[in-house]
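No hydrogens, no waters, no symmetry mates; every other heavy atom, side chains included, goes into these values. In what follows, every chain begins at residue 1, and chains take the letters A, B, ... in the order their sequences are listed.
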There are 2 protein chains.
Amino acid sequence: MTVTIYDVAREANVSMATVSRVVNGNQNVKPATRKKVLEVIERLEYRPNAVARGLASKKTTSVGVIIPDISNNLNAELARGIEDIATMYRYNIILANSDQNEEKELTLLDTMLGKQVDGIVMMSEEVTETLQRAVEACPVPIVLAGSISSTEKVASVNIDYYKAALEAVQMLIDNGHTRIAFVSGPLQYKVNGERKLAAYKDTLQKANIAIDEALIVAGDGSYDDGLESWTNLSELENPPTAIFVGNDELAIGLVHGIQDSGKMVPEDVEIISFENSKLARMVRPQLTSVVLPLYDIGAVAMRLLTKYMNKEEVDDQRVILPHRIEQRNSSK
Amino acid sequence: MTVTIYDVAREANVSMATVSRVVNGNQNVKPATRKKVLEVIERLEYRPNAVARGLASKKTTSVGVIIPDISNNLNAELARGIEDIATMYRYNIILANSDQNEEKELTLLDTMLGKQVDGIVMMSEEVTETLQRAVEACPVPIVLAGSISSTEKVASVNIDYYKAALEAVQMLIDNGHTRIAFVSGPLQYKVNGERKLAAYKDTLQKANIAIDEALIVAGDGSYDDGLESWTNLSELENPPTAIFVGNDELAIGLVHGIQDSGKMVPEDVEIISFENSKLARMVRPQLTSVVLPLYDIGAVAMRLLTKYMNKEEVDDQRVILPHRIEQRNSSK
DNA sequence: CTGAAAGCGCTAACAT
DNA sequence: ATGTTAGCGCTTTCAG
């Protein structure tokens, strides 16, 4: 059978409590006793049962991570940031994919709570009313990473998407463009429909450039979507000479679409993307891209969560990380 | 306080045992009783405590997943395959990154066992002797996904890397090349150093083409590594006219390196990659690539693990999945 | 079909 | 500094 704390206690001629103390690094143990216990632990290859510990202490040192899809670069980067900080604070991660499906998100929340996680980090492109309520009703701390919720009540970590998008569009305007397209993923995702799009429209209007709905294209945000989007855009009477793109993969699709149609980037069409993943450098010309620090967002979100879990004071429950634009060759 | 099984029992005028039975779908409960209990559960918003359940039943319905780095496309795809099947069988995943560091792998194994996972899926590019022993000594089932171990004792899921590589190289030979390079990630990784490289050498020799060590290049397998590798290769007195590449990212680096030097793919240099991630289509020309079905490897590994966890009969503990070569435009 | 009771392995007062 | 003793919330015989 597996060796328990009781076995160690017996072998070391001490009580379970003492073994528990040395295992948990409690200082109230005579060095000699500690040494003796440690030796028995080693000899018996005792490994504390975290489940029993969790039941007794009501802490599992596990945190739940709910993301749309780990096979997506964007989420993977975020997850890595979360995991690194979690490891640093000795937490383990229970990871699950929601596929951006509200029902799954809700079920997952429930499952994780059932597993008694000490906290949750969640990423959701679309925080619905129902989800919002579930999050607020959550008995353990929860922080949203790279997700926009409508209320101020929920902890979250983001960049200022509006401002970032504004700067990108302004850059294009400054380069003399008046036919600027906006190509992004689903507009029902608030980051796209509420932030980037709003910034796009506002910035254009401020520059007295009329909004042309034909230049606003939303698809699934994939590479193929980018390819296809250019096909449509290029057939316009008056095609765009610059494009503000929602993510890198989409941007690469657009670049290739443009090149396939015999035009050049940035000479004929300038492009500014939004993400700056490693993909941004893996295309010719390399993409100018708004830096979305996903790893950092994940890391900071997890760090924030540890504070909540330790019941530390948190001065700002809505963290906004700095952003910048990485200038490369898809824009001038 | 949180509501427990005892609260439900009291409210429903039954014993804890009965509540436990309905929660666990035990058929030995009168429909009327079940209904009553279910109502109370709903009313009280009772949520079973998985930790307590785990302690009592010695099953946690959690499986550990140890991979080198989730932010790497390759691992993320694998992880998604694992997670999907895990979800299907109602397991949760405890995910951790090893950074391909033996010490971390060992610690992680220990942590997961401490958390009483029911099984483990692991990916490791380099299964060392020590790791091998730890795996064999593991008290719960464990299956290696996309990893090569030296013994037959460990369950694993792979493709036939040697044969796949052989076919790729043969394809290049069939196209008339005699100056064929092999560019890959670290050779201490068995997949590279023992399988692909061996296949490369054997196939060349079988075709009476002398091995030129200058054409064998190993780096870190990154995009930049690919760029740099071509710089070196192109400075050779007699540069290669075809390259068999270890992975897609590396291959894209090579393609760009070749194009930057004024040559063309596949006219001047043919390329066959190994991975066929979605990246393979995101470059011009698109990559001909050996299909490494990472999602499937993960899924099958997890499925295999469920069999072990259920103590089902397993006919083949070393699964080899089929592979094929996706023909695109980087080769003729 | 249902209940009583004994743990699962550990932590956390409370004693000493 | 160390031991004693309740539980933590649930599953699982064993009776009935």
Side-chain angles (χ1 to χ4, degrees), chain A residues 1-38 40-41 44-62 90 110-111 113-118 139-140, chain B residues 1-38 40-41 44-62 90 110-111 113-118 139-140:
Chain A
M1 270 309 287
T2 68
V3 10
T4 74
I5 199 172
Y6 181 75
D7 300 319
V8 176
R10 186 168 26 71
E11 286 289 311
N13 284 312
V14 296
S15 70
M16 299 168 42
T18 300
V19 179
S20 177
R21 287 192 188 96
V22 348
V23 167
N24 291 295
N26 187 314
Q27 285 309 304
N28 290 347
V29 181
K30 206 184 343 177
T33 318
R34 174 188 310 283
K35 185 155 174 288
K36 185 173 57 177
V37 172
L38 251 14
V40 176
I41 286 179
L44 264 44
E45 297 187 357
Y46 167 66
R47 176 190 292 131
N49 181 326
V51 174
R53 207 197 288 230
L55 183 58
S57 69
K58 297 177 172 296
K59 284 192 194 327
T60 55
T61 65
S62 294
R90 323 214 142 261
D110 219 58
T111 308
L113 292 176
K115 296 234 166 179
Q116 312 300 117
V117 293
D118 296 337
V140 298
Chain B
M1 272 309 288
T2 68
V3 11
T4 73
I5 198 172
Y6 180 76
D7 301 320
V8 177
R10 186 168 25 74
E11 285 290 310
N13 285 313
V14 296
S15 70
M16 298 167 43
T18 300
V19 178
S20 177
R21 287 193 188 93
V22 348
V23 167
N24 292 294
N26 187 314
Q27 286 309 304
N28 290 347
V29 181
K30 206 188 335 182
T33 317
R34 174 188 310 283
K35 185 154 174 290
K36 185 174 57 177
V37 172
L38 252 14
V40 176
I41 286 180
L44 264 43
E45 296 187 358
Y46 167 66
R47 177 190 293 131
N49 181 325
V51 173
R53 208 198 288 229
L55 183 59
S57 69
K58 297 179 172 297
K59 285 193 191 326
T60 55
T61 64
S62 293
R90 321 213 144 263
D110 218 59
T111 308
L113 292 176
K115 295 234 166 178
Q116 312 300 116
V117 294
D118 296 338
V140 300

> Return the 5'-most residue of the pair A:A52, B:N13 with respect to DNA chain C, ranking by each residue's nearest nucleotide.
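Counting from the 5' end, the first nearest nucleotide belongs to B:N13.
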> Rounded to whole angstroms, how far apart are CD1 on A:I5 and C1' on C:dC8?
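About 14 Å, once rounded to whole Å.
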> Can you check whether A:Q116 reaches B:N49 side chain to side chain, under 4.5 Å on heavy atoms?
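Sidechains of B:N49 and A:Q116: in contact.
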> B:V51 near the nucleic acid: base, sugar-phosphate alone, or nothing, with a heavy-atom cut-off under 4.0 Å?
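Counting heavy atoms under 4.0 Å across all strands, no contact is made by B:V51.
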> Over how many whole Å does the gap from A:Q27 atom CD to D:dA1 atom P extend?
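That distance rounds to 9 Å.
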> For B:R21 and D:dC10, give me the distance from atom CZ to atom P, rounded to whole Å.
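After rounding, the reported distance stands at 15 Å.
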> Grab the NZ-C1' distance between B:K58 and D:dC10 for me, whole Å please.
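Interatomic distance, NZ of B:K58 to C1' of D:dC10: 13 Å.
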> Nearest whole Å is fine: how far is D:dC8 C1' from A:K59 NZ?
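Interatomic distance, NZ of A:K59 to C1' of D:dC8: 14 Å.
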> Report yes if at least one side-chain N or O of B:S20 is closer than 4.0 Å to OP1 or OP2 of D:dC10; otherwise report no.
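Checking D:dC10 against B:S20, no side-chain N or O comes under 4.0 Å of OP1 or OP2.
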> Quick one: is C:dG9 close enough that its OP1 or OP2 comes under 4.0 Å of any side-chain N or O from A:T4?
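For A:T4, the contact criterion (side-chain N or O under 4.0 Å from OP1 or OP2 of C:dG9) is not met.
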> Distance check needed: D:dG9 P versus B:D7 CG, whole Å only.
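My rounded result for the distance is 9 Å.
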> Please determine if a side-chain N or O atom of B:T33 lies less than 4.0 Å away from the OP1 or OP2 oxygen of C:dT2.
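For C:dT2, OP1/OP2 do have a side-chain N/O of B:T33 under 4.0 Å.
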> Looking only at side-chain N and O atoms, does A:N28 come under 4.0 Å of OP1 or OP2 in D:dA1?
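So the side chain of A:N28 is within the cut-off, an N or O lying under 4.0 Å from OP1 or OP2 of D:dA1.
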> Can you find a heavy atom in the side chain of B:R47 that is under 4.5 Å from one in the side chain of B:T2?
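No, their side chains stay 4.5 Å or more apart.
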> As a test of reading the structure: which of C:dC10, D:dT4, D:dC10 is closest to the side chain of A:S15, going by heavy atoms?
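Side chain of A:S15 sits closest to D:dT4.
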> Pick base, sugar-phosphate or nothing for B:V14, based on heavy-atom distances below 4.0 Å to the nucleic acid.
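Since only primed, P, OP1 and OP2 atoms lie under 4.0 Å of B:V14, the category is sugar-phosphate.
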> Does a side-chain N or O of B:T18 approach OP1 or OP2 of C:dT2 to a distance below 4.0 Å, or not?
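Answer no for this pair, as no side-chain N or O of B:T18 is under 4.0 Å from OP1 or OP2.
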> Return the 5'-most residue of the pair A:A17, A:L55 with respect to DNA chain C, ranking by each residue's nearest nucleotide.
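That would be A:L55.
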> For D:dT11, does OP1 or OP2 lie under 4.0 Å from any side-chain N or O of B:R53?
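The answer is yes; a side-chain N or O of B:R53 sits under 4.0 Å from OP1 or OP2.
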> How many whole angstroms separate atom CG of A:N49 from atom P of C:dC10?
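Between P of C:dC10 and CG of A:N49: 6 Å.
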> For B:Y46 and B:T4, which heavy atoms make the closest approach, and how far apart are they?
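Nearest heavy atoms, B:Y46 then B:T4: CE1-C, 3.6 Å.
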> Evaluate the side-chain proximity of B:V23 to B:S20: yes if any heavy-atom separation is below 4.5 Å, no if none is.
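Not in contact.
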> Starting at OH of A:Y6 and ending at C1' of C:dC10, how long is that distance when rounded to a whole Å?
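To the nearest whole Å, that distance equals 14 Å.
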> Side chains of A:R53 and A:P48: closer than 4.5 Å at any heavy-atom pair?
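Yes, side chains in contact.
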